[in-house]
Amino acid sequence: MKFSRNLSRESIIRFLEGGGPDSELFKAAREVLLESAGSSVFLRGIIELSNDCRKNCFYCGLRRDNKTFSRYTIPFNEVINAFDSGYAKGLRSFLLQSGELLGALHIDHVEKILHWVSRNLEGVRMVLSMGELPMESLERLREAGAHRYLLRIETSSRELYERFHPDDGLHEYDDRLRSLQMIRASGWQTGTGVLIGLPGQTAENLADDLLFMKELDIDMCGMGPYLEHEQTPLWNRRSELRHWEERELLTLRMISLLRILLPTANIAATTALQTLDPEGLEKGLMAGANVVMPNLTPMKYRKDYNLYQGKVHVEDTLDEVLKILENRCSAIGRDVELGNPGDPLHFSNRIKEQVGDWTE
Ligand code: SAH
Ligand code: SF4
């Protein structure tokens, strides 16, 4: 069958190389989405908690050696105020994202926020995306009430990983992989993702990324186009990049293929995709995504959280943002699910299977 869950590497490569939004691939992904995960769009309110980072990834504007902007960490009260207003509007899942910081102060800060959420906001799922943390920090944060962890592998190719990270002992492919496997094995709802359209990245590399995510049997995925940033080493290679329209098409094909490979996973229409194209939201959802992440970061910090250039900075209030989102989704036949934490069906199913295994 052409679109079975067991698509071969060869056919994945073929689909990555051609076909637009009207192609069979996109239609099949939409059908799989409706049959498996449904038409709902789930929201995660994101707070960009700190732009400080100990790492130096060649693609990222927040890298340690970029001294052209000021570093911040949002204080406790401002974070919980933002969560409180999000909760009042029906958001039931929040994502805390930051650079990679291992210090006790940072972990204590996140733990305190999680404790507050557990005590004050009923029925909320907290998601963390804070890089490679040691096991004991992860355990503390899980005990404090976090449920989901997002750690992008960035690229499943060791060779590409090494090309886009410094060779300084801090950026090891094996460490990243082990960290992701440890998160998956210790009971988190697990998300990963990749950068799409890096210089020199081939359709074969991207096909391997998809098979990597299927093999790891992830619950959530956030993958988006690579976007340039002037204050990074990769800026020098921008002439080698695919045109933005091609990077967008590749991203959409990746979303559709992953939807077919992992029908019940939660897949995000990422901010990077929406930065590339004002219609990126609709296109991502039509390709098979079912998660959108409205930004709850207080306005004064937003200009300093630039992973890449040109990030959309909307000035609208949360009320306006949600209204616009609802309208844009309903225009393509999709419903925003407020009041629902949107657990990935993929996770519930695999937990059921495990319980089944133990009781048989
Ligand atoms: N520091 C953490 C989480 C924050 S960064 C971590 O690295 O895991 C979140 C994601 O931003 C990264 O995983 C990376 O995939 C993405 N990112 C960084 N630079 C980017 C760029 N130039 N274009 C697109 N995405 C980028
Ligand atoms: Fe730091 Fe994450 Fe950016 Fe790498 S991608 S420099 S770890 S914020």
Side-chain angles (χ1 to χ4, degrees), residues 21 26 29-30 33-34 36-48 82-83 85-87 89-97 124-129 148 150 152 189 191-193 196 218-225 227 248 251-252 254-256 258-259 262 264-297 302 305 307-308 311-347:
F26 287 70
R30 277 196 292 277
L33 172 77
L34 294 183
S36 312
S39 67
S40 300
V41 174
F42 298 110
L43 304 185
R44 321 256 168 268
I46 173 170
I47 293 254
E48 296 151 338
F83 284 166
S85 354
Y87 191 86
K89 305 275 178 273
L91 297 185
R92 291 295 178 270
S93 177
F94 299 106
L95 167 63
L96 283 170
Q97 191 177 76
V124 160
R125 288 280 186 269
M126 291 301 292
V127 198
L128 302 179
S129 166
R148 306 178 175 151
L150 288 177
R152 288 186 175 181
Q189 294 181 16
T192 191
I196 300 166
I218 53 161
D219 305 302
M220 308 172 290
C221 176
M223 56 184 167
L227 300 172
E248 176 176 45
T251 304
L252 298 174
M254 288 286 284
I255 292 176
S256 285
L258 190 67
R259 173 58 65 204
L262 287 172
T264 52
N266 276 347
I267 304 178
T270 58
T271 312
L273 176 61
Q274 298 181 52
T275 300
L276 205 58
D277 179 349
E279 287 171 31
L281 171 76
E282 286 83 353
K283 290 184 182 171
L285 293 173
M286 297 284 283
N290 65 337
V291 169
V292 181
M293 302 186 188
N295 197 343
L296 301 185
T297 307
R302 292 195 193 182
Y305 199 86
L307 304 158
Y308 43 79
K311 192 159 158 247
V312 273
H313 291 296
V314 285
E315 299 283 327
D316 304 330
T317 64
L318 182 57
D319 254 344
E320 289 161 345
V321 168
L322 295 180
K323 191 93 247 125
I324 293 169
L325 259 179
E326 278 175 327
N327 290 340
R328 290 177 68 177
C329 289
S330 80
I332 54 166
R334 305 283 289 278
D335 305 311
V336 170
E337 282 274 335
L338 288 169
N340 182 337
D343 279 328
L345 258 184
H346 190 87
F347 179 78

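What you see is a predicted model, and the numbers here were worked out from it, not measured in a lab. This chain uses plain numbering: 1 for the first residue, then up along the sequence.
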Worked verdict on L128 versus L150 for side chain to side chain contact (heavy atoms under 4.5 Å, CB included):
CA-CA 6 Å; L128 302 179; L150 288 177; over 6 Å; no
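- Counting only distance, with no hydrogens or angles, the side chain of Q274 and the backbone of A269 share a donor-acceptor pair below 3.5 Å.
- Across all their heavy atoms, F42 and G342 have their closest contact at CD2-CA, 3.5 Å.
- Looking at heavy atoms from C-beta onward, E337 lies out of side-chain contact with V41 at the 4.5 angstrom threshold.
- Put simply, the side chain of L252 reaches to within 4.5 Å of the side chain of L273, judged on heavy atoms.
- Residues S93 and V127 approach most closely at OG-CG2, 3.7 Å, considering heavy atoms.
- From M254, atom CE reaches atom CD1 of I196 across 4.5 Å, with rounding to the nearest 0.5 Å.
- By the 4.5 Å heavy-atom criterion applied to side chains, I332 and L285 are counted as neighbours.
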Applying side chain to side chain contact (heavy atoms under 4.5 Å, CB included), run through F83 and I47 and close with a yes or a no.
CA-CA 9 Å; F83 284 166; I47 293 254; 3.4 Å; yes
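- With rounding to the nearest 0.5 angstrom, the OG1 atom of T264 is 7.0 Å from the CG atom of L262.
- Distance check, rounded to the nearest 0.5 Å: CG of L95 to CZ of R44 gives 8.5 Å.
- At distances below 3.5 Å, at least one donor-acceptor pair connects side-chain atoms of R30 with backbone N or O atoms of M286.
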Evaluate the side chain to side chain contact (heavy atoms under 4.5 Å, CB included) criterion for residues L91 and L296: first the C-alpha distance (whole Å), next the side-chain angles of each, then the deciding distance (0.1 Å), finally the verdict.
CA-CA 11 Å; L91 297 185; L296 301 185; 4.1 Å; yes
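- Within the 4.5 Å cutoff, no side-chain heavy atoms of I46 are placed close to those of F94.
- With no hydrogens or angles considered, a side-chain donor-acceptor pair links N290 and N266 at under 3.5 Å.
- Contact between A268 and G222 at its shortest, heavy atoms only, is CB-CA, 4.3 Å.
- Ion pairing between E326 and K323 holds under the 4.0 Å rule for side-chain N and carboxylate O.
- At distances below 3.5 Å, not a single donor-acceptor pair connects side-chain atoms of T251 with backbone N or O atoms of G224.
- Summarising the geometry of Q97 relative to Y305, their closest heavy-atom pair is OE1-OH, 2.9 Å, with the distance given to 0.1 Å.
- Atom CG of L338 sits about 6.0 Å away from atom CG of L322, to the nearest 0.5 Å.
- Panel note: side chain R148, backbone S129; no donor-acceptor pair is recorded below 3.5 Å.
- Looking at heavy atoms from C-beta onward, C329 lies out of side-chain contact with D335 at the 4.5 angstrom threshold.
- Residues R328 and R334 form no side-chain contact, since every pair of their non-hydrogen atoms from C-beta on lies 4.5 Å or further apart.
- Taking the side chain as every heavy atom from C-beta outward, K283 and P21 never approach each other to under 4.5 Å.
- Donor-acceptor pairing under 3.5 Å is lacking for the side chains of D319 and T317.
- Of the possible polar contacts, none joining the R302 side chain to the E315 backbone as a donor-acceptor pair under 3.5 Å is found.
- Across every non-hydrogen atom of G193 and R152, the tightest pair is O-CB, 3.2 Å.
- Cation-pi geometry between R92 and Y87 is met: the NZ or CZ atom falls under 6.0 Å from the ring centre, inside 45° of the normal.
- Looking at every heavy atom in both residues, M220 comes nearest to I218 through O-CD1, 3.3 Å.
- Side-chain contact between M223 and I255 is present, with heavy atoms from C-beta onward closer than 4.5 Å.
- Side chain of R259 to backbone of A265: a donor-acceptor contact under 3.5 angstrom is found.
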Stepwise side chain to side chain contact (heavy atoms under 4.5 Å, CB included) check, T271 with Y308:
CA-CA 11 Å; T271 312; Y308 43 79; 3.8 Å; yes
